[in-house]
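Report on the structure given below.
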Amino acid sequence: MIDTLELTAIPTEDESLRADIRAFLNDALADMPPDQRARSWMGFDAEFSQALAARGWLGMTLPREYGGAARGHFARFVLSEELLCAGAPVSAHWIADRQSAPLILKYGTQAQRQFYLPRICRAEAFFCIGMSEPNSGSDLASIRTRAESKDGGWLLNGSKIWTTNAHRSHYMIALVRTSGTAADRHQGLSQLIIDLSLPGITIRPIEDLAGDAHFSEVFFDNVALDASALIGTEGDGWQQVNAELAFERSGPERIYSSMALVQCWLSHCRANQINDAHTTAALGEILTQLATLRAMSLAIAGQLACGRSPAIEAALVKDLGTELEQRIPDLLAQILSQTPDHAIPPELLRTLAYVEQVSPTYSLRGGTREILRGIIARGLGLRSN
């Protein structure tokens, strides 16, 4: 599988975006402390997302007819790198821009594209994803939330959990059962776009260990949906959701979650001229792994640019990337304990404490490590189911 990833470089016209993006972020985030930057994935700021949209930096890969910039995957790669390495608050638009919009573009009707995609590009429509359910875990095929065909539309009942930003989103794309039972596994699953302001929907935020409330549980009680809520073909939800997860796993997003902590640590080392063997070795470990993972992620962007769907390769990069992201706080905590002669600044301690608390979630979002390794094993021919 590794030999399918070719060494890839960002084209000059896309790399040229970096200077403008970086200048904008340096100004917009000048007063943001590092422990807030460390929340980048989970930092919700609608006004910041709208400022990106005003510069044409949302919907970069979407056609112009839907409000997009008609740029390629490398342009979006550059944008994602800069946003995440700067610790920008991307949570408001993140799911809609990188996951929901490509799904709607690929499977949606023309009416759905014309309605939702321009709103996503303007940061006027924020999306969440309804996959996980109580008692289902990562086994999406066992979901029980059901939409029954009724009166020319759908009647929705059930619940979703661990839904990022449901309490702040306008819409949910949910994987639901439209026929059969949970015993039918992948058969009978469909995807619906749900307006979260509809009657019968209850959303309850879930507070995490860091004191934030990014996740929610969502309940549907006889929610009436129009027939137009269906995305794609009824019963093809399983194939569609796997394509959606490939969008989610295929970018540089699975590498940079701990970069705000690394930047804060490096600032501490520079300010105190810390350059001992332990510190140098730790930085070398981070940089060598980061460079390799970035090259792999760029190779996947190259495959996407050629119209391929590198789902297995994306799963591999996501698995290895989150492993590094989780390794970084442990490594830096160990290194800081070995340099007792230098007082650790409070902002570094706060940032380290936050990343240590949330880093276990890095290997959950976008598919657990066990699920991803099953996908990789099937791709290598090591298992058949």
Side-chain angles (χ1 to χ4, degrees), residues 10 14-60 69 71 75-98 121-124 126 164-165 168 210-214 251-253 255-274 279 283 286-287 290 294 325 328-329 332 336 342-359 362:
I10 298 174
D14 296 321
E15 184 63 37
S16 66
L17 290 167
R18 197 179 298 275
D20 286 344
I21 297 169
R22 190 170 295 181
F24 165 76
L25 293 173
N26 286 341
D27 181 59
L29 307 179
D31 299 324
M32 181 177 288
D35 60 309
Q36 289 298 316
R37 292 181 185 237
R39 286 165 163 78
S40 181
W41 262 71
M42 295 299 186
F44 192 100
D45 187 335
E47 290 185 1
F48 177 82
S49 296
Q50 289 159 6
L52 292 180
R55 288 162 175 77
W57 293 339
L58 295 192
M60 292 189 76
R71 300 291 297 255
R76 195 184 183 287
F77 192 101
V78 170
L79 177 65
S80 297
E81 277 198 312
E82 291 301 316
L83 290 171
L84 294 173
C85 288
V90 299
S91 181
H93 69 269
W94 204 234
I95 289 174
D97 182 59
R98 67 194 258 274
C121 293
R122 295 193 299 264
E124 295 174 358
F126 301 147
T164 303
N165 284 333
R168 294 164 165 165
D212 297 324
H214 304 300
E253 293 90 340
I255 303 173
Y256 298 121
S257 296
S258 297
M259 284 303 103
L261 173 60
V262 174
Q263 296 277 14
C264 190
W265 170 64
L266 288 176
S267 295
H268 166 64
C269 292
R270 294 186 186 108
N272 293 278
Q273 298 183 339
I274 301 173
T279 300
L283 181 58
I286 293 170
L287 289 179
L290 187 62
R294 182 178 186 270
E325 290 178 328
I328 285 172
L332 296 191
L336 288 171
H342 300 279
I344 303 173
E347 63 269 19
L348 177 53
L349 287 173
R350 287 195 300 269
T351 307
L352 176 60
Y354 174 77
V355 176
E356 284 184 321
Q357 286 176 321
V358 301
S359 62
Y362 296 165

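Quick note: residue numbers are just sequence positions, from 1.
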State, to 0.1 Å, how close [X] and [Y] come at their nearest heavy-atom pair, and which atoms those are.
X    : Y    : result
S359 : E356 : OG-O, 3.4 Å
H268 : N272 : O-ND2, 2.9 Å
L58  : C121 : CB-O, 3.7 Å
F48  : P89  : CD2-O, 3.4 Å
A86  : L29  : O-CD1, 3.7 Å
R22  : E82  : NH2-OE2, 2.8 Å

Quick one: do L52 and D97 satisfy side chain to side chain contact (heavy atoms under 4.5 Å, CB included)? Show the steps, please.
CA-CA 11 Å; L52 292 180; D97 182 59; over 6 Å; no
Does one side chain, of S258 or E325, offer a donor that lies under 3.5 Å from an acceptor on the other? no
task = Verify, without hydrogens or angle tests, whether T351 (side chain) and D35 (backbone) share a donor-acceptor contact under 3.5 angstrom.
result = yes
Any donor-acceptor N/O pair, R37 side chain to M32 backbone, under 3.5 Å = yes
Could you measure the distance from the [atom1] atom of [X] to the [atom2] atom of [Y]? Nearest 0.5 Å is fine.
X    : Y    : atom1 : atom2 : answer
R168 : S91  : CZ    : OG    : 7.0 Å
W265 : I344 : CH2   : CD1   : 12.0 Å
C269 : L332 : SG    : CG    : 8.5 Å

Would S40 and V90 count as a side chain to side chain contact (heavy atoms under 4.5 Å, CB included) here? Give the steps.
CA-CA 6 Å; S40 181; V90 299; 4.2 Å; yes
Item to check | Pair F126 and W94, ring centroids less than 6.0 Å apart | outcome: no
Would you say that [X] contacts [Y] through its side chain, given a criterion of any heavy-atom pair below 4.5 Å between the two side chains?
X    : Y    : answer
Y256 : R294 : yes
P34  : Q263 : no
T279 : L283 : no
L352 : P329 : yes
W41  : V358 : no
V355 : I328 : no
I95  : N165 : no
E81  : I21  : no

Intermediate values then yes/no, side chain to side chain contact (heavy atoms under 4.5 Å, CB included), L17 and L79: CA-CA 8 Å; L17 290 167; L79 177 65; over 6 Å; no
#### Entry: Pi-cation contact, Y354 with R39 (under 6.0 Å, within 45°)
yes
Exercise. Would you call R76 and D14 a salt bridge, taking side-chain N to carboxylate O under 4.0 Å as the test?
Worked result: no
